[in-house]
Asks: 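Please read through the structure below; I'll follow up with questions.
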Amino acid sequence: MKNILVTGGAGFIGSNYVRYVLENFPDFELVNLDALTYAGNLENLSDIEANPQYHFVRGDIRDAELLRQLFDKYHFDAVVNFAAESHVDRSITDPSLFFEVNVGGVLTLLEACLKAWRLRPEDKYCHDFQPGVRYLQVSTDEVYGSLTPDEPAFTEQNPLAPNSPYAASKASADLLCRAYAHTYGLPLNITRCSNNYGPYQFPEKLIPLMLNNAQHDRKLPVYGDGQQIRDWLYVFDHNRAIHQVLTQAEPGQVYNIGGSNERANLQIVELLLKSIGKPDSLIEHVKDRPGHDRRYAIDSSKIRRELGWAPAYQFEQALPATITWYQEHATWVEHAVSGEYQNYYDKMYGAAER
Ligand code: NAD
Ligand code: TYD
């Protein structure tokens with residue numbers, strides 16, 4: 001496996017994945033297809049844009065003709081799909097966009113893979129594919145719904161029970177993948193990871209949003225009582241797991257990814273304030289998110305057992321490192337919150353190419 005189409009590689013997790021692969025696997029070539037929505041930021045990749053193993057294409061995963069051209073040009077062995085609308089709060093105000101991108105986009109990608117990788121492209125019953133090809137769907141623990149305090153962590157056997165429009169769109173995409181594997185034999189995997197933290201996360205998500213507000217002595221809006229629990233994993237560990245699944249897993253397998261690191265939101269916010277020397281009085285309890293999931297927890301024993309993956313980073317070290325990263329990248333944060341980063345594409349690639 002050498003040529004990978006990475007979709008959504010200008011976002012938080014995708015840009016960290018692109019960097020991880022380029023730094024650690026010199027024989028891989030990556031094409032990053034990203035629509036550069038509000039969440040896509042080429043500044044995340046400014047240090048590697050000249051790398052000859054890396055190519056950026058601005059485009060939409062729903063564009064079947066563009067996908068066909070890219071497959072023709074680069075002969076991808078694998079597709080890793082990070083591209084998605086990813087913010088639960090936005091899904092509550094604009095659910096249809098989430099279904100168009102997160103479901104429609106995946107359908108278009110799966111069709112492109114079938115067409116490019118079938119040994120007999122004109123035969124719709126053909127179950128024979130080019131050797132070694134793989135589609136990897138980056139999914140989320142949110143497809144399993146919410147846990148009570150005493151329930152065991154989600155395993156891959158848990159039923160899908162999504163609660164937010166975002167989670168429902170991701171679960172729908174997982175079901176589409178399942179159907180494509182079952183009906184057409186498309187070699188694919190699904191990974192379901194818990195909440196990520198680390199560098200380059202768009203400052204609408206809990207940790208970078210709270211850090212940015214605290215730095216500017218603005219209120220920190222904690223939804224409801226702040227006792228909702230998330231299972232936090234450092235983004236680098238997520239990406240190592242994704243790459244292991246891509247290169248080692250049997251097709252058809254689903255893997256949960258998580259660090260067994262459950263924390264209440266309020267606990268995280270208090271930790272952030274303490275780390276940067278700001279008072280708890282900045283915390284403001286605001287109206288709760290509608291349908292807010294109470295607890296996520298991931299049982300990742302399958303990937304640990306079958307692929308030998310384990311997190312390399314402990315929260316106690318990786319969270320302070322993440323805080324330091326945001327402090328040292330104040331310009332990146334400033335550009336992200338002001339919208340200035342959206343001019344980067346024009347500067348680097350020229351407005352005419354939009
Ligand atoms: P993000 O919002 O930071 O990045 C999403 C990227 O996708 C952006 O670069 C955006 O421009 C691009 N994109 C959006 N629509 C597109 C389209 N139609 N065509 C091409 N590109 C498009 O998201 P993230 O946090 O990096 O999440 C990446 C993936 O991982 C998502 O699929 C998400 O569901 C999943 N995930 C995220 C987390 C988390 O904690 N952030 C946890 C588990 C799984
Ligand atoms: P978020 O980062 O949006 O991820 P997700 O909803 O996908 O888990 O939110 C993490 C948790 O933090 C979630 O329980 C909602 C909560 N939250 C707040 O309390 N205030 C905020 O301003 C944000 C963005 C999130």
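Counting starts at 1 for both ligands and their atoms, in listed order. All residue numbers in this chain count up from 1 along the given sequence.
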Asks: Could you point out which residue of F315, W325, Y20, Y197 forms a ring pair (Phe, Tyr, Trp, His ring centres under 6.0 Å) with Y234?
Replies: Y197
Asks: Atom 22 (C) of ligand 1: which of G11, A83, A167 has the nearest heavy atom?
Replies: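 Ranked by closest heavy atom to atom 22 (C) of ligand 1, first place is A83.
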Asks: Using a 4.0 Å heavy-atom cut-off, say whether V88 meets ligand 2 through its side chain, its backbone, both or neither.
Replies: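 Just the side chain.
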Asks: The criterion is side-chain hydrogen bond (donor to acceptor under 3.5 Å, both in side chains); which residues satisfy it with R118, sequence neighbours excluded?
Replies: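 R118: no side-chain hydrogen bond (donor to acceptor under 3.5 Å, both in side chains) contacts found.
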Asks: Check whether any heavy atom of Y197 sits under 4.0 Å from an atom of ligand 1.
Replies: no
Asks: Could you establish whether D60 and ligand 1 come within less than 4.0 Å of each other, counting only heavy atoms on the residue side?
Replies: yes
Asks: Mark up the atoms of ligand 2 that fall under 4.0 Å of a heavy atom belonging to H87, in ascending order.
Replies: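 The atoms of ligand 2 under 4.0 Å from a heavy atom of H87 are 3 (O).
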Asks: So does K219 have more than 12 non-hydrogen atoms from other groups sitting under 6.0 Å from NZ?
Replies: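 Yes, the 6.0 Å shell around NZ holds more than 12 heavy atoms from other groups.
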Asks: Using a 4.0 Å heavy-atom cut-off, say whether N195 meets ligand 2 through its side chain, its backbone, both or neither.
Replies: side chain
Asks: Verify side chain to side chain contact (heavy atoms under 4.5 Å, CB included) between Q201 and Y326, making sure each step is shown before the conclusion.
Replies: CA-CA 10 Å; Q201 188 166 29; Y326 283 97; 3.2 Å; yes
Asks: For the CZ atom on R178, are there more than 12 heavy atoms of other groups (residues, nucleotides or ligands in this structure) within a distance under 6.0 Å?
Replies: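 Counting neighbours around CZ of R178, 12 or fewer heavy atoms of other residues, nucleotides or ligands fall under 6.0 Å, so no.
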Asks: Going by the order shown, which atoms of ligand 2 are within less than 4.0 Å of some heavy atom of L209?
Replies: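 Heavy-atom distances to L209 below 4.0 Å select 22 (O).
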Asks: Under a 4.0 Å N-O cut-off, is there an ion pair linking D128 with R120?
Replies: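 Salt bridge flag = yes for R120 with D128.
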Asks: Would you indicate which of G258, S86, G14, S169 comes nearest to atom 23 (O) of ligand 1 when only heavy atoms are counted?
Replies: S86
Asks: For the side chain to side chain donor-acceptor pair (under 3.5 Å) test, which of Q342, E340, E43, H329 pairs with H335?
Replies: E43
Asks: Take every heavy atom of G9, measure it against each atom of ligand 1, and state whether any distance is under 4.0 Å.
Replies: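 Under 4.0 Å: no for G9.
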Asks: State plainly whether one hydrophobic cluster holds both F129 and L119, where clusters connect Ile, Leu, Val, Met, Phe, Trp and Tyr through side-chain heavy atoms under 4.5 angstrom apart.
Replies: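 F129 does not cluster with L119.
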Asks: Nearest heavy atom to atom 12 (O) of ligand 2: which of N265, I268, L266 does it belong to?
Replies: N265
Asks: How about E142 and Y296: does a side-chain donor come under 3.5 Å of a side-chain acceptor?
Replies: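 Yes - a donor-acceptor pair under 3.5 Å links their side chains.
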Asks: Among all protein heavy atoms in this structure, tell me which lies nearest to atom 43 (C) of ligand 1, with the distance rounded to 0.1 Å.
Replies: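 Checking every protein heavy atom, the shortest distance to atom 43 (C) of ligand 1 gives C193 O, 3.4 Å.
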Asks: Should N265 and Q228 be marked as a side chain to side chain donor-acceptor pair (under 3.5 Å) after you check the CA-CA gap, both sets of side-chain angles, and the distance that decides it?
Replies: CA-CA 6 Å; N265 293 339; Q228 303 83 4; 3.3 Å; yes
Asks: Going only through I, L, V, M, F, W and Y residues with side-chain contacts under 4.5 Å, is there a path from W332 to I276?
Replies: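 Cluster IDs for W332 and I276 match.
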Asks: Nearest to atom 34 (O) of ligand 1 by heavy atom, W232, F82, Y166, F202: which?
Replies: Y166
Asks: Which of the listed options, A84, G105, A35, holds the heavy atom that is closest to atom 20 (C) of ligand 1?
Replies: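 Heavy atom nearest to atom 20 (C) of ligand 1 belongs to A35.
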Asks: Salt bridge or not between K2 and E29? Use side-chain N to carboxylate O under 4.0 Å.
Replies: no
Asks: Suppose we measure from atom 11 (O) of ligand 1 to each protein heavy atom; which comes out shortest, and what is that distance?
Replies: D34 OD1, 2.6 Å
Asks: Run Y74 and H55 through ring-ring contact (aromatic ring centres under 6.0 Å, His included) and show every step you take.
Replies: CA-CA 10 Å; Y74 293 102; H55 314 277; 5.4 Å; yes
Asks: Could a heavy atom of S15 be found less than 4.0 Å from some atom of ligand 1?
Replies: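 Under 4.0 Å: no for S15.
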Asks: How long is the straight-line distance from CD of Q248 back to OH of Y255, given to the nearest 0.5 Å?
Replies: 9.0 Å
Asks: Please identify which atoms of ligand 1 are closer than 4.0 Å to at least one heavy atom of S139.
Replies: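 It comes down to these atoms of ligand 1: 43 (C), 44 (C).
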Asks: Find all atoms of ligand 2 within a distance of less than 4.0 Å from any non-hydrogen atom belonging to H292, and give their numbers and elements.
Replies: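 What qualifies from ligand 2 is 13 (C), 14 (O), 15 (C).
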Asks: Looking only at non-hydrogen atoms, which of E142, R90, H285 approaches atom 7 (O) of ligand 2 most closely?
Replies: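 Of the listed residues, E142 has the closest heavy atom.
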Asks: Mark up the atoms of ligand 1 that fall under 4.0 Å of a heavy atom belonging to G59, in ascending order.
Replies: 19 (N), 20 (C)
Asks: I'd like to check which ligand 1 atoms, numbered from 1 as shown, lie under 4.0 Å from a non-hydrogen atom of V101.
Replies: 15 (N), 18 (N)
Asks: So among L30, D34, L33, which one has a side-chain contact (heavy atoms from CB on, under 4.5 Å) with F56?
Replies: D34
Asks: Hey, does K205 come in under 3.5 Å of ligand 2, counting only N/O atoms on both sides?
Replies: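 No, since none of the N or O atoms of K205 sits under 3.5 Å from an N or O of ligand 2.
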Asks: Would you mind running through ligand 1 and noting each atom that sits below 4.0 Å from a heavy atom of T37?
Replies: 10 (C), 11 (O), 14 (C), 15 (N)
Asks: Output yes when the distance from some N or O of ligand 2 to some N or O of W232 is under 3.5 Å, and no in every other case.
Replies: no
Asks: Given L233, which of I298, N261, I257 fulfils the side-chain contact (heavy atoms from CB on, under 4.5 Å) condition?
Replies: I257
Asks: For ligand 2, note which part of E204 has a heavy atom under 4.0 Å away: side chain, backbone, both or neither.
Replies: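 Backbone only.
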Asks: Just go through N195, L42, I13, V138 and tell me whose heavy atom is the nearest to atom 26 (O) of ligand 1.
Replies: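 Result: the heavy atom closest to atom 26 (O) of ligand 1 is in I13.
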Asks: Could you check atom 2 (O) of ligand 2 against the protein and tell me its nearest heavy-atom contact, residue, atom and distance included?
Replies: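 Its nearest protein heavy-atom neighbour is L206 N, 3.0 Å.
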Asks: Against heavy atoms of M210, which atoms of ligand 2 measure under 4.0 Å?
Replies: 20 (N), 21 (C), 22 (O)
Asks: Pull out every atom of ligand 1 sitting under 4.0 Å from any heavy atom of L36, numbered as shown with elements.
Replies: 11 (O)
Asks: Looking only at heavy atoms, what is the nearest atom pair of V254 and E156, with distance?
Replies: O-CG, 3.4 Å
Asks: In the protein, what heavy atom is nearest to atom 3 (O) of ligand 1, and what distance, to one decimal place, separates them?
Replies: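 Here the nearest protein heavy atom works out to F12 N, 3.0 Å.
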Asks: In the protein, what heavy atom is nearest to atom 40 (O) of ligand 1, and what distance, to one decimal place, separates them?
Replies: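 For atom 40 (O) of ligand 1, the nearest protein heavy atom is N196 N, 2.9 Å.
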Asks: For atom 32 (O) of ligand 1, what's the nearest protein heavy atom and its distance?
Replies: K170 NZ, 2.7 Å
Asks: List ligand 1 atoms under 4.0 Å from S194, heavy atoms only on the residue side.
Replies: 42 (C), 43 (C)
Asks: Give the atoms of ligand 2, by number and element, whose distance to some non-hydrogen atom of V222 is under 4.0 Å.
Replies: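 Selected atoms, number and element: 19 (O).
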Asks: Using side chain to side chain contact (heavy atoms under 4.5 Å, CB included), reason through R294 and Q227 one step at a time and then give a plain yes or no.
Replies: CA-CA 8 Å; R294 202 64 189 165; Q227 293 308 322; 3.5 Å; yes
Asks: Examine Y223 against ligand 2 and note whether any of their N/O atoms are separated by less than 3.5 Å.
Replies: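 Such a contact does occur with ligand 2.
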Asks: What I want to know is whether R230 and ligand 2 share at least one N or O pair that is separated by under 3.5 angstrom.
Replies: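 R230 vs ligand 2: N/O contact under 3.5 Å present.
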Asks: Can you pull out the closest protein heavy atom to atom 19 (N) of ligand 1? Residue, atom name and distance to 0.1 Å, please.
Replies: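 Protein heavy atom at minimum distance: I61 N, 3.0 Å.
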Asks: Run down the list P221, P203, S91 and name the one with the heavy atom closest to atom 22 (O) of ligand 2.
Replies: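 Ranked by closest heavy atom to atom 22 (O) of ligand 2, first place is P221.
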Asks: May I ask you to identify the nearest protein heavy atom to atom 6 (O) of ligand 2, giving residue, atom name and distance to one decimal place in Å?
Replies: R289 NH1, 2.5 Å
